[in-house]
Amino acid sequence: MTKTTHSTTDELPPYHAVLSVDVKNFSGVTPADHYALTELIPTILERAFERAGHAAVWADRRFPAGRGDGFVVGFRPETLPILVGSFLDALQEELAYHHRMRLGQSGEPTRLRVSVAVGPLIDSGNARLGDGSGAAMIETHRLLDCEPVRKLLASSEPEVTFVAAVLSARVYEDVVLSGYTTKAPAEFVRVPVSVKNYVGDAYLHVPKPSGDLLARGIGTRDELVLEDSALTDEAPEAESAVTNTINGTVHGNAIQMRDQNRWTDKSRHSHQHTTGDGNIVTGGSVSGGIRQNVRKNRKKD
């Protein structure tokens, strides 16, 4: 038997806040403008920190990296109250200002999805390629890709709402729920997230809602659960498939009850009910035989 060994000398990497942003509809931008937009993103972020009165936070950033249509950067975890508070408001204001300055130019307004997570992340301090590695980095990208936060920008006015944010559960609990930021818990909505192999809860926030977000709100958790489930890459498989074969003549109705726990036929021609899965409910009478076949689905590897 092979013995598994673990290092006893490595220490837990230091905790970092990680901020990730993504440009809405980057693929819709003319390819010739991709470079300029990619270069613009960190400039917008820097100006937002300055606007919020926290230029020093940006100056002390860790492992910044461009992602083509986005940008990711780490900060000291002590700065989380700023990241989920005044920074988000300042980023909304900075993007609105940028939009006003480019009025009359072609192209859509620059709008950003923002995710914030926290956890132990590698940081060599020497700008190594592996800096920023860790579960929190993966989490922030999964949150950024989730359908609920995408829907926020899709359901709002493009010339009014420029920022939609999503926080990890850890950030929300440690910073918002604990009262360390300027934003109240009531300004966030909890939603389920299922992206690739990531499953968890997250918290949505919009600094300046508009359009349908004002008319109908972000939505209840139950509504978002249904929507997110319908949009996952792979739909859940049914536990079994039921086939009923009836031989003879049926006087009345034969109903398959696989997806219900109880059903009662209250029509004047029948006084029967049933419970369980894969059952048959008959009407007045059945002549002949009923055979039920239940086939279990084979799970994919």
Under the criterion side-chain contact (heavy atoms from CB on, under 4.5 Å), I'd like the reasoning laid out for V23 against L112: C-alpha separation, chi angles, the key distance, then a yes or no. CA-CA 5 Å; V23 177; L112 297 178; 3.7 Å; yes
Worked check of side-chain contact (heavy atoms from CB on, under 4.5 Å) between T161 and L153: CA-CA 7 Å; T161 299; L153 290 182; 4.2 Å; yes
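The shortest side-chain heavy-atom distance between M137 and L121 falls under the 4.5 Å cut-off. F75 has its side chain out of reach of F87: every pair of non-hydrogen atoms, C-beta onward, lies at least 4.5 Å apart. Residues D201 and V193 fail the side-chain proximity criterion, which asks for heavy atoms closer than 4.5 Å. Side-chain atoms of L19 and T140, non-hydrogen and from C-beta on, never get closer than 4.5 Å to each other. You'll find the side chain of F49 reaches within 4.5 Å of the side chain of L83, heavy atoms only. The closest side-chain heavy-atom distance from R47 to Y97 is not below 4.5 Å. Taking 4.5 Å as the limit, some side-chain heavy atom of R111 sits within range of a side-chain heavy atom of S156. At least one side-chain heavy atom of H54 sits less than 4.5 Å from a side-chain heavy atom of S86.
Taking the six-membered ring for Trp and the full ring otherwise, the centers of F63 and H16 sit less than 6.0 Å from each other. Aromatic pair Y203/Y172: centroids less than 6.0 angstrom apart.
Checked against T181 for a side-chain contact (heavy atoms from CB on, under 4.5 Å), the options L80, L88, V84 give a single hit: V84.
Note that CG of L152 and CD of E147 are 10.0 Å apart. Values are rounded to the nearest 0.5 Å. To the nearest 0.5 Å, atom OG1 of residue T79 and atom CG of residue D60 are 8.5 Å apart. The OH atom of Y15 sits 15.5 Å away from atom CG of D123, with the distance rounded to the nearest 0.5 Å. Atoms NZ and CG, from K208 and L214 in turn, are 10.0 Å apart once rounded to the nearest 0.5 Å. Between the CG atom in D212 and the NZ atom in K151 there is a gap of 9.0 Å [rounded to 0.5 Å]. To the nearest 0.5 Å, the span separating CZ on F71 from CG on D22 amounts to 13.0 Å.
Remark: side-chain polar atoms of Q92 are not paired, donor with acceptor, to backbone N or O of D89 under 3.5 angstrom. Checked by atom type and distance alone, the side chain of R113 pairs as donor or acceptor with a backbone atom of L144 at under 3.5 Å. Remark: the backbone N or O of H99 is not paired with any side-chain donor or acceptor of T110 at under 3.5 angstrom. Judged by distance alone, with hydrogens and angles left aside, the side-chain atoms of E50 form no donor-acceptor pair with the main-chain N or O of A55 at under 3.5 Å. When atom types are taken as modelled, the side chain of S210 and the backbone of E157 share a donor-acceptor pair closer than 3.5 angstrom. Distance alone, capped at 3.5 Å, is enough to place a donor-acceptor pair between the S124 side chain and the N126 backbone.
R216 and S155 share no donor-acceptor pair across their side chains, judged by distance under 3.5 Å alone.
Closest approach of A154 to K24, counting heavy atoms only: N-CE, 4.2 Å.
Between D145 and R150, at least one side-chain nitrogen of the basic residue sits less than 4.0 Å from a carboxylate oxygen of the acidic one, meeting the salt-bridge criterion.
Applying the salt bridge (Lys or Arg N to Asp or Glu O under 4.0 Å) test to R128 and every residue at least two apart in sequence or in another chain returns nothing.
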